[in-house]
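For reference, the structure discussed in these notes is given below.
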There are 2 protein chains.
Amino acid sequence: MPPVVTMGADGRRAGRRPATSAAELEHLALQIFAERGFEETTVDDIARAAGIGRRTFFRYFASKNDVPWGDFDGQLEVMRASLASAAAGEPTVAVLRRAILDFNTYPPAEGAWLRRRMTLILRTPALQAHSTLRYASWREVIAEFVGRRVGQSADALTPQAVAAAHLGVAVTAYEQWLLAEGTDLVAILDEALGLLATGFAAF
Amino acid sequence: MPPVVTMGADGRRAGRRPATSAAELEHLALQIFAERGFEETTVDDIARAAGIGRRTFFRYFASKNDVPWGDFDGQLEVMRASLASAAAGEPTVAVLRRAILDFNTYPPAEGAWLRRRMTLILRTPALQAHSTLRYASWREVIAEFVGRRVGQSADALTPQAVAAAHLGVAVTAYEQWLLAEGTDLVAILDEALGLLATGFAAF
DNA sequence: ACATTAATGGCACTCGGTGCCGCAAGTGAA
DNA sequence: TTCACTTGCGGCACCGAGTGCCATTAATGT
């Protein structure tokens, strides 16, 4: 039997309202991580600071490692749509390059937060490791697009290789960006992806 | 004060002898993983099966995740030496390609074990994630070589990008190899690395 | 008031991993 | 043989992440 959805006129559904939100929790947690470090901060610390129970924390995030990822999946859907709507005439790698640059273009106000988030993810071993699992869906989106373009299954060698190479290079660009304070992420990404398009045969 | 190393004529050092070896433990653990699954096998299970204490297990492996990696670091040193001894005239990517193929060329007898190991690593989320940390040193070896060749720091964009792209493509080749039973790993690796050398501009 | 729905959070438990420390089992030398 | 020394073993207690269970709380409409 389908659940009877009781809903108020203002769109509020029945039931107790969430005590906080994933975004709010993330914001708070990132602050504590910055102060005390990721490993040194326990889930209890975060929960206590947020005024919620430890158990409740795990209803907002599947794991402590998932905290710094924001709405990654949502952003991914935007990229998927962007790829799908590309003109058929435009070369595959060009579309890819543009989509990746878009995916990583943030409003200037968020620049500082992005740096914090990515420093955490790329320099904390536990998060570095965990990132692989999040990147998997990123690669899948790319592979599906390339597969469509070259008329192969997304699981085939070429789409998967293109996706993996682009991911590796994009992450490398992020690492370079973090190395120097005042640099432009998109410019570095563009340069790095350029290397990939031409191929490494020149070396 | 420097420790006085007392050592027998036959090369045996003083002190109690190890009850087992990392290789032996790995062999045993891999068998249990294959039967019961990685997540379903506790460290206690492995220790009990090996007749050692749980505490002792962690003297052989830094973590449960490190079990399936064999002598990865040792192999890496071989690759590093191989890269260092390459003729200066040979193109960088060609050297790289050959070194990677060598690195992944195993005696036929080990083929079945390799498949087991890699299936475990590439299809178990926890191990997939952990692999990133092991791959870091692999990338470093490549980046150092490329840096030397192009006259840049190993930390610079180009060496890092080349390393990351090669890693991504190599792992992809492994995944393709696992998809079909009778295939030749080295051939797939060669094909995949070929894509990278030419670049993706053709797509 | 009452049924319903959804979120909270406490409790107990499992498992990976670590620090501490006493003990076992080897060594060469007195 | 006995002793000092060295190295590996492993029990114990502890921490922290993550999960299943379930009673409780706070919101909804009838």
Side-chain angles (χ1 to χ4, degrees), chain A residues 1-25 29 32-33 36-69 124-130 133, chain B residues 1-25 29 32-33 36-69 124-130 133:
Chain A
M1 200 161 32
V4 181
V5 180
T6 50
M7 192 179 300
D10 54 353
R12 272 215 299 272
R13 297 189 298 148
R16 183 172 177 168
R17 276 187 292 252
T20 178
S21 71
E24 200 178 336
L25 267 182
I32 308 181
F33 290 157
R36 253 178 294 176
F38 182 80
E39 300 289 358
E40 290 71 26
T41 306
T42 70
V43 171
D44 261 318
D45 292 335
I46 303 170
R48 214 174 308 120
I52 62 173
R54 180 187 134 78
R55 192 64 184 81
T56 301
F57 171 90
F58 286 107
R59 291 223 176 72
Y60 286 91
F61 298 98
S63 77
K64 185 184 166 189
N65 289 335
D66 281 307
V67 170
W69 286 88
T124 307
L127 294 178
Q128 235 173 66
H130 183 72
L133 303 178
Chain B
M1 200 162 31
V4 181
V5 179
T6 51
M7 191 177 301
D10 55 352
R12 273 216 299 271
R13 296 187 301 149
R16 181 172 178 168
R17 277 188 289 257
T20 178
S21 70
E24 199 177 337
L25 267 182
I32 308 182
F33 291 157
R36 252 177 294 176
F38 182 81
E39 301 289 358
E40 290 72 25
T41 305
T42 71
V43 171
D44 262 318
D45 291 336
I46 303 169
R48 215 175 307 119
I52 62 173
R54 179 186 134 80
R55 191 65 184 79
T56 301
F57 171 90
F58 285 108
R59 290 222 174 73
Y60 286 90
F61 297 98
S63 76
K64 184 184 165 190
N65 289 336
D66 281 306
V67 170
W69 286 87
T124 306
L127 294 178
Q128 233 172 68
H130 182 72
L133 304 177

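Only this structure's heavy atoms are used, side chains among them; waters, hydrogens and symmetry mates stay out. Residue numbers start from 1 in every chain, and the chains themselves are labelled A, B, ... in the order their sequence lines are given, proteins ahead of strands.
- Applying the salt bridge (charged side-chain N to carboxylate O under 4.0 Å, His left out) test to residues at least two apart or on different chains, the pairs with a partner in residues 37-48 of chain A are A:R36-A:D45, A:D45-A:R48.
- In this structure, B:Y60 atom OH and D:dG10 atom C1' are separated by 12 Å, rounded to whole Å.
- As a whole-Å value, the separation of A:R16 CZ from C:dT5 P is 18 Å.
- Backbone-only contact: A:G53 has heavy atoms under 4.0 Å from sugar-phosphate atoms and none from a base.
- When all heavy atoms are compared, the tightest approach of A:H130 to A:S63 is CE1-OG, 4.2 Å.
- Look at CD1 on A:I52: it is 18 Å from P on D:dT25, rounded to the nearest Å.
- For A:F58, there are no ring pair (Phe, Tyr, Trp, His ring centres under 6.0 Å) partners at least two apart in sequence or on another chain.
- The nearest whole Å value for the distance from the CD1 atom in A:I46 to the C1' atom in D:dA17 is 11 Å.
- In this structure, B:N65 has no side chain to side chain donor-acceptor pair (under 3.5 Å) partners at least two apart in sequence or on a different chain.
- Looking at residues two or more places apart in sequence or on another chain, you find no salt bridge (charged side-chain N to carboxylate O under 4.0 Å, His left out) involving B:R59.
- The nearest whole Å value for the distance from the CZ atom in A:R17 to the P atom in C:dT4 is 21 Å.
- For A:F61, the ring pair (Phe, Tyr, Trp, His ring centres under 6.0 Å) partners at least two apart in sequence or on another chain are A:F57.
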Pairs under 3.5 Å (N/O, protein and nucleotides 15-19 of chain C):
from   : atom 1 : to    : atom 2 : distance (Å)
C:dG16 : OP1    : B:K64 : NZ     : 3.1
C:dG16 : OP2    : B:V43 : N      : 3.2
C:dG17 : OP2    : B:K64 : N      : 2.7
C:dG17 : N7     : B:R54 : NH2    : 2.1
C:dG17 : O6     : B:R54 : NH2    : 3.0
C:dG19 : N7     : B:R55 : NH2    : 3.0
C:dG19 : O6     : B:R55 : NE     : 2.6

